[in-house]
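The chain is numbered in sequence order, starting from 1.
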Amino acid sequence: MERMCEVGPSGEMSLFTDHLGDPVSRVRQSPAFLMLIAETSGPVKEIVGLIRGSVKTVTCGKTIPRNAGAVTAGKHQNPLPAPIYTKVAYVLGLRVSPFYRRMGIGLRLVRRLEEWFKVQGAEYAYMATDKDNEASVRLFTGRCGYSKFRTPAILVHPVFAHRLPIPRRIRILRLPVAEAESLYRCHFSTAEFFPRDIDAILSNPLSLGTFLAVPAATCGGGEWKWPGTEGFLAAPPESWAVVSVWNCGGVFRLEVRGASRVRRGLAWATRAADRALPWLRIPSVPDIFRPFGVLFLYGIGGEGPEAEAMVVALCRHAHNMGKGTAGVVAAEVAACEPLRRGIPHWRRLSCAEDLWCAKRLAEGYGDGGAVGDWTKSPPGNSIFVDPREL
């Protein structure tokens, strides 16, 4: 099914996904997940469609606590905003065989999956697609009642044969899982789609760590001792940034197919030159024409005038982590993410505008009722992209 539904125009280069023999691996990491298949009737069964979905609790808005014991941090004297949570469902990987399209199979799969979403208590459902995928957009917005919701950007950078240097003025530290969770809950929990079970994500074996970048001067030339989240936010350095790294290669691998021999040859030549002359730091094209892994950067955030530079350093650190094991490093951020310019990427590999569509499933309002209809709310500056749902 995946081979017949490669992503890309017919007759041109396309992107193939290999689920490594486990088609539900990409949603298996979520608290609740399901895969549905459509097959032909008769003595010989043939799978002609499939769809995956997951349900989780995420932030859909924020409120200012009025109680005297509200949490404060850093230089803020006023209470910090508190997250408003809602239960949301994610539609992933709708595929219909080219020979059975325009027969209503995709619509039936979506509706059956939405029934399961409602049983799980989901108030909203959303899906992500290429904005140029007219068939997908038409199905969800035209026939399934979804509306265009958010337009994040997918930023992709190749992993070179050489290592990227980290500026000496920046020190990168790895945070323990418990401290990373605490930092995210204190400082990032009001970002849209922030998962309530962030601890499960950070402790997942596919999460390779959370890394903090601070000015080297903060360390005083020696080993800097992490003061704990409360102490860090009470007296933070002038600038800092944080990033977590997820190993997508443990769940799926990608492959670009349909490239010409000339394109493949030119890419090989850049890699050969990069390997032979690493000190020249030649920007080389990785071998994306064979199955390759992806390192995904999530939970990107920071503060201060040098926060962008800190993010650049963290992205370089992630690049070096992927050397020899991954083909690219990728991130997905909100269209107006303040730190977006600090994420290195190649335009030809990236998607400047992905499309998320959302739909309200519940008739009443749960914990997220204070937000109203979330699907009609304006976008925030940042968005938290769950790596379990890539």
Side-chain angles (χ1 to χ4, degrees), residues 7 15 56 58-62 81 83-84 86 88-92 124-134 136-138 140-141 146-157 184 187-195 198 201 241-246 248 294-312 314-315 318 328-360 368 371-390:
V7 178
L15 186 64
K56 62 181 179 179
V58 304
T59 297
C60 64
K62 58 186 176 182
I84 299 174
T86 189
V88 65
Y90 181 53
V91 181
L92 170 70
Y124 298 92
Y126 78 104
M127 52 78 68
T129 187
D130 188 326
K131 66 181 180 63
D132 296 323
N133 188 338
E134 296 181 0
S136 179
V137 175
R138 187 167 54 248
F140 281 93
T141 62
Y146 287 68
S147 57
K148 296 181 180 181
F149 186 51
R150 300 291 183 260
T151 54
I154 301 175
L155 308 178
V156 181
H157 192 279
Y184 278 124
H187 201 75
F188 300 98
S189 62
T190 56
E192 275 193 322
F193 287 95
F194 180 84
I198 183 64
I201 298 176
V242 65
V243 164
S244 294
V245 183
W246 184 271
C248 299
V294 178
L295 291 187
F296 184 76
L297 309 183
Y298 69 99
I300 302 172
E303 284 189 349
E306 294 294 320
E308 283 187 11
M310 301 289 173
V311 171
V312 171
L314 289 169
C315 291
V328 300
V329 176
E332 187 167 11
V333 296
C336 49
E337 167 60 51
L339 299 176
R340 177 174 173 172
R341 292 187 301 176
I343 304 174
H345 61 281
W346 281 15
R347 289 186 179 182
R348 296 198 65 176
L349 297 179
S350 304
C351 175
E353 187 177 303
D354 198 22
L355 176 62
W356 290 11
C357 299
K359 174 183 178 179
R360 180 161 179 78
V371 177
D373 188 345
W374 187 23
T375 64
K376 299 178 181 179
S377 64
N381 289 334
S382 299
I383 197 169
F384 193 102
V385 179
D386 192 330
R388 298 172 297 186
E389 297 177 344
L390 298 175

Atom pair OH (Tyr298) and OG (Ser244), whose distance is rounded to the nearest 0.5 Å: 4.0 Å
Least distance between heavy atoms, Trp246 atom then Ile201 atom: CZ3-O, 3.6 Å
Nearest non-hydrogen partners of Phe384 and Gly299, listed with the distance: CE1-CA, 3.7 Å
Heavy-atom closest contact (Pro83 atom, Thr190 atom, distance): N-CG2, 3.9 Å
Mutual orientation of the aromatic rings belonging to Phe194 and Tyr184 [parallel < 30°, tilted 30-60°, perpendicular > 60°]: tilted
Shortest non-hydrogen separation from Lys148 to Val137 and the atoms involved: CE-CG1, 4.2 Å
Distance, nearest 0.5 Å, that separates OH of Tyr146 from OG1 of Thr129: 12.5 Å
Heavy-atom closest pair, residues Thr151 and Ala335: O-CB, 3.5 Å
Separation between NZ of Lys56 and CD of Glu389, rounded to the nearest 0.5 Å: 3.5 Å
side-chain contact (heavy atoms from CB on, under 4.5 Å) against Ala128, all qualifying residues, sequence neighbours excluded: Tyr90, Asp354, Trp356
Distance in Å, Glu192 CD paired with Lys62 NZ, rounded so as to fall on 0.5 Å steps: 10.0 Å
side-chain hydrogen bond (donor to acceptor under 3.5 Å, both in side chains) pairs, two or more places apart, involving residues 337-350: Glu308-Arg341, Glu337-Ser382
Pairwise distance CG(Leu92) to CZ(Arg388) - rounded to 0.5 angstrom: 13.0 Å
Which atom of Asn381 lies closest to which atom of Ala334, heavy atoms considered: O-CB, 3.4 Å
Euclidean distance, Phe193 CZ relative to Asp386 CG, rounded to 0.5 Å: 10.5 Å
Set of side-chain contact (heavy atoms from CB on, under 4.5 Å) partners for Ala241, sequence neighbours left out: Met310, Val311, Leu314
Partner of Cys315 under side-chain contact (heavy atoms from CB on, under 4.5 Å), chosen from Ile300, Val243, Leu297: Leu297
Steps toward side chain to side chain contact (heavy atoms under 4.5 Å, CB included) verdict (Phe188, Val242): CA-CA 11 Å; Phe188 300 98; Val242 65; 3.6 Å; yes
